[in-house]
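Numbering of residues begins at 1 and proceeds along the displayed sequence. Predicted model, so just to flag it, every value in this text is computed and none were measured.
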Amino acid sequence: MDWLCLRLELEPAAAEALSEALLESGAQSVSLDAPEHGRVGLSALFAPDMDAQQMLAQALERCTVTLEAAASMHTLAERDWVRSSEAQFSPVRLRRLWIGASWHEAPVDALVIRVDPGLAFGTGSHATTRLVLRFLERVMRGGEEVLDYGCGSGILAIAAAKLGARRVDAVDIDPVAIEVTRQNARANRVQIAAHLPEAGPLGRYDVLVANILAQPLIELAPRLAALVKPGAALALAGLLETQADEVARAYRARFELAVEATEEGWALLSGVRR
């Protein structure tokens, strides 16, 4: 099958924000090229029957990014997409975790997560995902009950399991994400209960991570607060540093929070439930 490929050039922080919003709006895949002259090339794939321009408009409204130039569109054959994705996906190495595709050789001194790039979800290379993975490495001691809210491909849930969680649940509003998470969990030989939000019941957790977008995080604040125990660790990602204060206001009545920012302009809100 051929795909519609939308191509843009943006500032790094805007490209990261739009990539997340495009996936939320229905893009099948989004990839970012290495920055050049201060800008990043963004490529998004859409099925041929999708209205790519409408989805782009929805994504721009969702992440409040303004385009300086119009997007280009071309057709990409399936075999060319597979070859391109394999070339672009590099392994991610953290302090304890390593994430790579099936064709990469894994180090012997790391907790290995195997995830091949798919059409719909991420592979761990996104800056916001790395922020949460580092958070998990810091707070996980083993034996925790963990919830990954907005699980996507399930990388964060799998990481929690690899880091010794006693129980891991994963939630997403997209049924495809639930199935992808289950497949990735089986491939990595970990136990994860993945389901839609309404398919609970959910418990109360020692660690909760949510790598979504700023506005959904604000709207979900009461729900997420009710899902964690007193003293539980919380990590919120998918937001720009400029959005951190607004998101933090929705959580400060219930959590003690700190902000960690990247050079690209992304932020992680992490803290403890009062």
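Using a 4.5 Å heavy-atom cutoff, the side chains of Asn184 and Ile155 are not in contact. In this structure, Tyr205 and Asp169 have side chains that are in contact, with non-hydrogen atoms separated by less than 4.5 Å.
Under a hydrophobic clustering in which Ile, Leu, Val, Met, Phe, Trp and Tyr are joined whenever their side-chain heavy atoms come within less than 4.5 Å, directly or via other members, Val272 and Val209 fall into different clusters. Residues Val132 and Leu213 do not share a hydrophobic cluster, defined by chaining ILVMFWY side chains whose heavy atoms lie under 4.5 Å apart.
Here the NZ-CZ distance, from Lys162 to Arg96, works out to 13.0 Å after rounding to the nearest 0.5 Å. Considering CG of Leu22 and CG of Leu60, their distance stands at 7.5 Å, rounded to 0.5 Å.
The pair Arg134-Glu260 does not count as a salt bridge, with every side-chain nitrogen at least 4.0 angstrom from each carboxylate oxygen. The pair Arg167-Asp206 fails the salt-bridge criterion, with no side-chain N (NZ, NE, NH1 or NH2) lying under 4.0 Å from an Asp/Glu carboxylate O. Salt bridge Glu144/Arg166: absent, no basic N to carboxylate O contact under 4.0 Å.
The two residues Val180 and Ser153 come nearest to each other via the heavy atoms CG1-CA, 3.9 Å.
Although no hydrogens or angles enter the test, the distance criterion places no donor-acceptor pair under 3.5 Å between the side chain of Arg204 and the main chain of Leu227.
Within a 6.0 Å sphere centred on CD1 of Ile173, other residues, nucleotides and ligands contribute 12 heavy atoms or fewer.
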